[in-house]
Amino acid sequence: MLGPVILAASRSDRMRRLISAAPVTKQVVDRFIPGEDVDDIVPVVRDLADDGLELTMDVVGEDITNPAQAAAARDAYLELVDRLKPLELGTRAEMSVKLSMFGQALEDGHELALKNVRPVVEAAAEIGTTVTLDAEDHTTLDSMFAIHEELRKDFPQTGCVIQAYLFRTEADARRLAASGSRVRLVKGAYKEPASVAYQDKHEIDRAYVRILRTLMEGEGYPMIGSHDPRLIAIGQELAHQAGRKLDEYEFQMLYGIRTEEHRRLAAEGHRMRVYTAYGTDWYGYFMRRLAEKPANLRFFARSMLTKG
């Protein structure tokens, strides 16, 4: 399987230098990451919103090695909130954050991440939108869920992400579905050991459907994070079976992948949110996109061969 190999490459400084230096890389990366700073991204937000789409914004970057970098990540999100305010999009433009960017892996990282993310959640609430806490590798999840629970005491709309390939996720989904929170379900994009995660694609897909059924039948707000046509169709059927209206769940897909499907679902009246990342520290994010979907890797390799 190529996925684990690509994920290993995402942690390689040598591969980072090689791929970053390739002439075609910027063109290909631009497919997934439409800008490096907030000035680049505001026009993208406007265009997507004008097309009837919703967004979740991610400032990319995870390799935080000191508290000053964590504070800078916080400030980057606060700047984003400030620039979103005059657009008056409300929850049509929310934010996704990785707690690793807020210092979670540093000494006393749990407290530091909570301290840094809280002002972002507060600022988002002030402009009528919200924040979703992204899931990272399995060693970080207890901390993420604890921070999620703490934030929801004051900001109950704060969302979180769960990953279908982890064995623990079915229990997490039952707990979260009962709590009325916002939950994004994804397959998972980190290299996890067989002791904690399914390794077979079909097992992951089956787990995804079981978990999605739990979310649809619960009291929360399910967010279906998938580009898989079969899972999208299953999601629609499960929503119908649960008696959910079109505004009681949503689909989420990555910027640059299946853009016509984004528009099709929105035209049918579904809430369709585009996960839109920006920033200069794009390498890890880009490599995980390649690992998630073989077609992404083929697109990149073909571009390297024909234009490199």
**Request:** Would you give the length of the straight line joining atom OH of Tyr190 to atom OG1 of Thr140, rounded to the nearest 0.5 angstrom?
**Result:** 7.5 Å

**Point-to-point distance, once rounded to the nearest 0.5 Å, from CG of Leu78 to CZ of Arg83** = 14.0 Å

**Message:** I need the minimum non-hydrogen distance between Ile257 and His262, along with the two atoms involved.
**Reply:** O-NE2, 2.8 Å

**Item:** Check: Glu237 and Ile234 side chains under 4.5 Å, non-hydrogen atoms
**Value:** no

**Message:** Heavy-atom count check: over 12 atoms from other residues, nucleotides or ligands less than 6.0 Å from Glu88 CD?
**Reply:** no

**Prompt:** Applying the 4.5 Å side-chain criterion to the ILVMFWY set and letting contacts propagate, would Leu246 and Tyr221 be lumped into a single cluster?
**Reply:** no

**Prompt:** Would a 4.5 Å heavy-atom cut-off, applied to side chains only, mark His270 and Tyr249 as touching?
**Reply:** yes

**Message:** Could you walk me through whether Leu166 and Asp172 satisfy the side chain to side chain contact (heavy atoms under 4.5 Å, CB included) test, starting with their C-alpha distance in whole Å, then the side-chain angles of each, then the deciding distance to 0.1 Å, before giving a yes or no?
**Reply:** CA-CA 10 Å; Leu166 294 176; Asp172 289 330; over 6 Å; no

**Heavy-atom side-chain proximity of Tyr278 to Val59 below 4.5 angstrom** = yes

**Prompt:** Does the Glu136 side chain pair with the main chain of Leu99, one donor and one acceptor, at a distance under 3.5 Å?
**Reply:** yes

**Hphob cluster co-occupancy, Leu254 + Met223, side-chain heavy atoms under 4.5 angstrom** = no

**Prompt:** When rounded to the nearest 0.5 angstrom, what is the spacing between CE in Met57 and OH in Tyr77?
**Reply:** 9.0 Å

**Message:** Restricting to non-hydrogen atoms, name the atom on Arg92 and the atom on Arg273 that form the minimum distance, rounded to 0.1 Å.
**Reply:** O-NH1, 3.6 Å

**Request:** Ignoring hydrogens and angles, tell me if any N or O in the side chain of Thr214 forms a donor-acceptor pair with the backbone of Arg210 under 3.5 Å.
**Result:** yes

**Asked** Would you call Lys187 and Lys201 a side-chain contact if the rule is heavy atoms closer than 4.5 Å?
**Response** yes

**Message:** Against Phe102, only a single residue in Ile147, Leu133, Leu112, Val97 fulfils side-chain contact (heavy atoms from CB on, under 4.5 Å); can you say which?
**Reply:** Val97

**Message:** To the closest 0.5 Å, what do you measure between CG (Leu106) and CD (Gln69)?
**Reply:** 8.5 Å

**Item:** Among Val38, Ile41, Leu55, Ile127, the one residue meeting side-chain contact (heavy atoms from CB on, under 4.5 Å) with Leu84
**Value:** Ile127

**Message:** Working note: Thr139 + Asp137, criterion side chain to side chain donor-acceptor pair (under 3.5 Å); need CA distance, chi angles, decisive distance, verdict.
**Reply:** CA-CA 6 Å; Thr139 65; Asp137 75 82; 2.4 Å; yes

**Prompt:** Would Lys115 and Glu111 pass as an ion pair if we require N to O under 4.0 Å?
**Reply:** no

**Message:** Please find the pair of heavy atoms, one from Leu185 and one from Tyr208, that lie closest to each other, and give the distance.
**Reply:** O-OH, 3.0 Å

**Message:** Does Gln163 form a side chain to side chain contact (heavy atoms under 4.5 Å, CB included) with His138? I'd like the steps, not just the answer.
**Reply:** CA-CA 9 Å; Gln163 301 165 106; His138 76 278; over 6 Å; no

**Request:** Without swapping roles, check the side chain of Asp228 against the backbone of Arg230 for a donor-acceptor pair under 3.5 Å.
**Result:** yes

**Nearest atoms (heavy-atom pairs only) where Gln252 meets Arg184** = OE1-NE, 2.6 Å

**Request:** Side-chain contact test, heavy atoms from C-beta onward, threshold under 4.5 Å: evaluate it for Glu261 versus His227 and give yes or no.
**Result:** no

**Asked** What distance do Thr129 atom OG1 and Gln157 atom CD have between them, rounded to the nearest 0.5 Å?
**Response** 8.5 Å

**Request:** Pick out which of Asp58, Thr276, Thr132, Thr56 makes a side chain to side chain donor-acceptor pair (under 3.5 Å) with Ser96.
**Result:** Thr56

**Asked** Is Arg152 paired with Glu149 through a side-chain N to carboxylate O contact shorter than 4.0 Å?
**Response** no

**Request:** Without swapping roles, check the side chain of Thr158 against the backbone of His148 for a donor-acceptor pair under 3.5 Å.
**Result:** no

**Request:** Output the distance between atom CE (Met253) and atom CG (Leu265), rounded to the nearest 0.5 Å.
**Result:** 5.0 Å

**Request:** Tell me, with the steps shown, if Asp142 and Arg168 meet salt bridge (Lys or Arg N to Asp or Glu O under 4.0 Å).
**Result:** CA-CA 11 Å; Asp142 286 341; Arg168 65 172 289 169; 3.0 Å; yes

**Prompt:** Between Asp40 (side chain) and Asp37 (backbone), is there a donor-acceptor pair under 3.5 Å?
**Reply:** yes

**Message:** Testing Ile224, Ile162, Leu238 one by one against Leu215 for a side-chain contact (heavy atoms from CB on, under 4.5 Å), which residue passes?
**Reply:** Ile162

**Note, Glu54 side chain near Arg271 side chain (heavy atom, < 4.5 Å)** = yes

**Asked** Transitively linked via ILVMFWY side-chain contacts under 4.5 Å: Val161 with Val117?
**Response** no

**Request:** Decide yes or no on side chain to side chain contact (heavy atoms under 4.5 Å, CB included) for Arg118 and Leu151, but give the supporting numbers first.
**Result:** CA-CA 7 Å; Arg118 183 179 287 276; Leu151 290 170; 4.3 Å; yes

**Asked** Within the distance-only criterion (no hydrogens, no angle test), does the side chain of Gln199 pair as donor or acceptor with the backbone N or O of Glu192 below 3.5 angstrom?
**Response** yes

**Item:** Residues Asp50 and Arg46 bridged, charged N to O under 4.0 Å
**Value:** no

**Request:** For Ala70 and Asn116, work out which heavy atoms get closest and say how close.
**Result:** CB-ND2, 3.6 Å

**Item:** In one Ile/Leu/Val/Met/Phe/Trp/Tyr side-chain cluster, 4.5 Å: Leu87, Val274
**Value:** yes

**Prompt:** Between Met272 and Phe251, does a side chain to side chain contact (heavy atoms under 4.5 Å, CB included) hold up when you go through it step by step?
**Reply:** CA-CA 5 Å; Met272 175 62 234; Phe251 294 98; 3.9 Å; yes

**Prompt:** Cluster question for you: counting only ILVMFWY and a side-chain heavy-atom cut-off of under 4.5 Å, with indirect links fine, are Val186 and Val196 together?
**Reply:** no

**Item:** Asp51 backbone acceptor or donor facing Arg263 side chain under 3.5 Å
**Value:** no

**Asked** Which pair of non-hydrogen atoms, one from Lys98 and one from Asp134, has the smallest distance, and what is that distance?
**Response** NZ-OD2, 3.2 Å

**Prompt:** Relative to Phe145, does Arg175 satisfy both conditions: NZ or CZ under 6.0 angstrom from the six-membered ring centre, and within 45 degrees of the ring's axis?
**Reply:** yes

